[in-house]
Protein chains: 2
Amino acid sequence: MKASISDHILASAGALFYREGIRAVGIDRIIEETKVAKATLYRHFPSKDHLVAAYLHDRHERVIRSLEEVLNEVPRPRDQLNLIFERLHEKADSPEFRGCAFALAVAEHGDSERVVTVARAHKAAVSRMFGALMERAGVETAQPAAHLSLLYEGALATVAVGRDPQAVLTARECALFVFDAARP
Amino acid sequence: MKASISDHILASAGALFYREGIRAVGIDRIIEETKVAKATLYRHFPSKDHLVAAYLHDRHERVIRSLEEVLNEVPRPRDQLNLIFERLHEKADSPEFRGCAFALAVAEHGDSERVVTVARAHKAAVSRMFGALMERAGVETAQPAAHLSLLYEGALATVAVGRDPQAVLTARECALFVFDAARP
DNA sequence: CAAGAGAAAGACAGGTCATTCCATTTGGGG
DNA sequence: CCCCAAATGGAATGACCTGTCTTTCTCTTG
């Protein structure tokens, strides 16, 4: 079970895309990094746009999986919420953190159907996760979950520009407050 | 009192940058749109990076001025807060709205000192505005104002990807809730 | 009128971009 | 061992990028 070439390309290209931006990273740069021939790359991904979409899809799966693992660590919804922001804070407290990969991708390729579709699907999945969390806490209305999503997005966007992970802790505080207030 | 050439260039370039993205708009495109010679553009802005920074600075002044006008429309802090999100909702409810210009710019040019500096200054100014609003409401602690900033950022980021202005109304609801809860 | 400044138009340099194609080598399954 | 598909290195494509520079033209001001 060795890593396929696709996975290898995706790993390298993904890291470059996130770190330096999608438009800033050319195909030449990717084939240099992966030590893969150009024709090979184009055999696996028919265009750069496809590669970008695959990168986002990969990222989507990782983030969702990571969130699910967090949910499995503690049973109580409130602790889960707390831990979600805690983990985000850890990630944000790193110089290579640049914010939400999907927001960055849409900023660069907001006219690419492929890119926007994956990005929206990811945001919807995260929203559903917050919705399910609130349901488990016995909250029926959808609004509190939407507030949590907004705070999560706000934390990501704020850190992306300001680079101060403190914003995530502030968001956590507000999220817990919203959670407690929505509790039946 | 005719508009200076700098202003003319800034207006056209700014519209293009926001609509299509900074990297997607080349110098040739700008001089074609403005009907200005390339040398003229470079006389007024020594590099594209300078032009981008000027675009953001211009945008910064407009947004802050627009916010101040909103604050002057109604006297009560709570109504001001409500109106801020109301106006954002109006803007978001338009096909050409692409989210926060500063977040978009940092996504594309996060390595440009000039760009990041202007973007951070803008975010700081908005934060101060929320801080002053809460102070006028008699709230001394800084946290509630930070929560409002996060919700504002979250609304912008969410609309940027999802394109659903409803998110702004949801953010307003949460913001008013936070405001009322922080009230002495 | 003269002179000089600024602007227009566009050629040019030196890269980089994504993408295609080709000739050659490699590696694994029958 | 042989064959074929896949991978390789690299050249070629045509478009676009920022930034410089030259030449011509049109003002304004003395």
Side-chain angles (χ1 to χ4, degrees), chain A residues 1-57 104-116 118, chain B residues 1-56 104-105 107-116 118:
Chain A
M1 184 151 305
K2 58 200 179 72
S4 75
I5 291 188
S6 294
D7 292 348
H8 174 53
I9 295 173
L10 219 44
S12 296
L16 286 172
F17 284 156
Y18 182 71
R19 190 183 333 131
E20 306 186 18
I22 294 167
R23 287 193 120 107
V25 173
I27 296 292
D28 289 332
R29 185 77 186 291
I30 295 169
I31 66 165
E32 184 200 6
E33 192 97 353
T34 57
K35 270 115 177 70
V36 146
K38 203 175 277 195
T40 304
L41 187 153
Y42 274 95
R43 181 181 333 281
H44 288 271
F45 303 96
S47 78
K48 189 184 180 182
D49 206 53
H50 283 82
L51 178 58
V52 172
Y55 145 64
L56 288 180
H57 188 258
L104 293 172
V106 169
E108 287 196 274
H109 287 107
D111 55 337
S112 160
E113 188 105 16
R114 247 182 288 274
V115 167
V116 172
V118 182
Chain B
M1 181 157 307
K2 58 198 184 76
S4 75
I5 291 189
S6 294
D7 292 349
H8 175 52
I9 295 172
L10 218 45
S12 296
L16 286 172
F17 284 157
Y18 183 71
R19 191 183 332 131
E20 306 186 19
I22 293 167
R23 288 193 117 108
V25 173
I27 296 291
D28 290 332
R29 184 78 186 291
I30 295 169
I31 66 168
E32 184 201 7
E33 191 98 352
T34 57
K35 271 117 176 72
V36 145
K38 198 178 276 197
T40 304
L41 188 152
Y42 274 98
R43 178 179 340 278
H44 290 272
F45 304 96
S47 79
K48 189 183 180 182
D49 207 53
H50 283 81
L51 178 57
V52 172
Y55 145 64
L56 288 181
L104 293 172
E108 288 195 273
H109 288 121
D111 54 340
S112 161
E113 188 105 15
R114 247 183 288 274
V115 167
V116 172
V118 182

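A note on names: the letters A, B, ... follow the listed sequences, proteins ahead of strands, and every chain is numbered from 1.
In this structure, CD of E32(A) is placed 15 Å from P of dT8(D), rounded to the nearest angstrom. To the nearest angstrom, P of dA7(C) lies 14 Å from CD1 of I31(B). Between the CG atom of L41(A) and the C1' atom of dA6(D) there is a distance of 14 Å, rounded to whole Å.
With sequence neighbours left out, D28(B) forms a side chain to side chain contact (heavy atoms under 4.5 Å, CB included) with I31(B), K38(B). Take V25(A) and apply the side chain to side chain contact (heavy atoms under 4.5 Å, CB included) test, not counting sequence neighbours, and it matches L16(A), F17(A), E20(A), R29(A), I30(A). With sequence neighbours excluded, no residue forms a side chain to side chain contact (heavy atoms under 4.5 Å, CB included) with R43(B). For the side chain to side chain contact (heavy atoms under 4.5 Å, CB included) test, residues two or more places apart in sequence or in another chain that qualify with F45(B) are S6(B), I9(B), L10(B), L51(B), A54(B).
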Pairs under 3.5 Å (N/O, protein and nucleotides 23-29 of chain D):
none

Every protein N/O within reach of nucleotides 24-28 of chain C N/O, cut-off under 3.5 Å:
none

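Going from atom CZ of R19(A) over to atom CG of D111(B) covers 12.5 Å, rounded to the nearest 0.5 Å. Atom CD1 of residue I22(B) and atom CZ of residue R23(A) lie 11.0 Å apart, to the nearest 0.5 angstrom.
Between H44(B) and the phosphate of dG6(C), there is no side-chain N or O to OP1/OP2 separation shorter than 4.0 Å.
Sorted by first and then second residue, the side chain to side chain donor-acceptor pair (under 3.5 Å) pairs with a member in residues 45-54 of chain B read S47(B)-H50(B), D49(B)-S112(B), D49(B)-R114(B), H50(B)-R114(B); sequence neighbours excluded.
Taking the side chain as every heavy atom from C-beta outward, E108(B) and L104(B) never approach each other to under 4.5 Å.
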If a protein heavy atom is under 4.0 Å from the base, mark B; if only from the sugar-phosphate, S; if neither, -; do that for nucleotides 15-21 of chain C going 5' to 3'.
--SSBBB
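When distances are taken from the side chain of R43(B) to each of dG6(C), dT8(D), dA8(C), the shortest belongs to dG6(C).
Of all heavy-atom pairs between V116(B) and G110(B), the closest is CG2-O, 3.4 Å.
Under the 3.5 Å distance criterion, the side-chain polar atoms of H8(A) are matched with a main-chain donor or acceptor of T34(A). Between the side chain of H44(A) and the backbone N or O of I5(A) there is no donor-acceptor pair closer than 3.5 Å.
Scanning residues 106-115 of chain A for heavy-atom distances under 4.0 Å to DNA chain C yields an empty list.
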